[in-house]
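What you see is a predicted model; the values in this text were computed from it and never measured.
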Amino acid sequence: PRFFTPDQFSALQKLAALLVPPLKGKPGATDAHAPEFLDFLIGVSPAERQSLYRNGLESLNRAAQDQFHTNFHGLEAKQADAIIRPLLIARYWPQDIPDDPMKNFMAQVHEDLRTATTNSREWAENDTASPSGGRGRRFRRGRGLYWRPIDPVVRG
């Protein structure tokens, strides 16, 4: 981690594994390196967003310490579920920001993890490798698309 502390980054990794797991042969957030990307993204984001993430991850670690005497990363899936399930809400519009800071954080991190995962190289490469054809596969979003760097020094 470059922006987050090691404990915060570990909590983000655990959250990524729980909120965006691998599904139907698609990579999950940890497989797609979404936590590493968010570490970079939040590090260059406005101070308000940085504060939202830092406070949210610290709150998850505090809740885990209070309830289970370990950091959030060390929790079993059932224990982590007990902490995060009350914080998950349905947002019908992106503008619907919850008043509660932790619910706001959970909504934002969930959206950011999904976006980072589905826009990752791992997701695009997996999509290209999957069989084509068949009902419903013709109009899949983002099929095999990934923006590769154009800098001649960078090798993709």
Intermediate values then yes/no, side-chain contact (heavy atoms from CB on, under 4.5 Å), Arg54 and Ser51: CA-CA 5 Å; Arg54 279 197 166 141; Ser51 179; 5.9 Å; no

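- Side-chain contact between Asn71 and Ser10 is absent, with no heavy atoms from C-beta onward closer than 4.5 Å.
- Met102 CE to Leu60 CG: the interatomic distance, rounded to the nearest 0.5 Å, is 4.0 Å.
- Arg114 and Thr117 share no donor-acceptor pair across their side chains, judged by distance under 3.5 Å alone.
- Across every non-hydrogen atom of Pro35 and Ala29, the tightest pair is CD-O, 3.5 Å.
- Interatomic distance, Asn55 CG to Asn104 CG, rounded to the nearest 0.5 Å: 11.0 Å.
- When all heavy atoms of Trp123 and Thr118 are compared, the pair lying nearest together is CD1-O, 3.4 Å.
- Residue pairs meeting the side chain to side chain donor-acceptor pair (under 3.5 Å) criterion with at least one partner in residues 72-82, sequence neighbours excluded, are Asp81-Arg85.
- Atom NE2 of His33 is separated from atom CG of Asp39 by 14.0 Å, given to the nearest 0.5 angstrom.
- Separation of atoms CG (Leu38) and CD (Glu36) is listed at 9.0 Å; rounding is to 0.5 Å.
- From Lys103, atom NZ reaches atom CD1 of Ile97 across 15.0 Å, with rounding to the nearest 0.5 Å.
- Interatomic distance, Leu19 CG to Leu113 CG, rounded to the nearest 0.5 Å: 6.0 Å.
- When atom types are taken as modelled, the side chain of Gln50 and the backbone of Gly43 share a donor-acceptor pair closer than 3.5 angstrom.
- Cation-pi contact between Arg2 and Phe9: absent, since separation from the ring centre below 6.0 Å together with deviation from the ring axis within 45° is not met.
- The same ILVMFWY cluster, assembled from side-chain heavy atoms under 4.5 Å apart, contains both Leu88 and Leu15.
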Audit row: Asp112, Gln108, side-chain hydrogen bond (donor to acceptor under 3.5 Å, both in side chains) steps and yes/no: CA-CA 6 Å; Asp112 290 345; Gln108 188 63 56; 2.9 Å; yes

Working for side-chain contact (heavy atoms from CB on, under 4.5 Å), residues Leu87 and Phe105: CA-CA 9 Å; Leu87 303 173; Phe105 164 71; over 6 Å; no

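- The two residues Tyr53 and Val109 make their nearest non-hydrogen contact at OH-CA, 3.4 Å.
- Taking each heavy atom of Leu52 and Pro101 in turn, the nearest pair found is CD1-O, 4.0 Å.
- Residues Ala11 and Asn61 come closest through the heavy atom pair CB-OD1, 3.8 Å.
- By the criterion of side-chain heavy atoms lying less than 4.5 angstrom apart, applied directly or through intervening Ile, Leu, Val, Met, Phe, Trp or Tyr residues, Phe37 is grouped together with Val44 in one hydrophobic cluster.
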Intermediate values then yes/no, side-chain contact (heavy atoms from CB on, under 4.5 Å), Phe3 and Phe40: CA-CA 7 Å; Phe3 174 74; Phe40 158 74; over 6 Å; no

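- Scanning both residues, Leu75 and Ala64, for their nearest heavy atoms gives CD1-CB, 3.7 Å.
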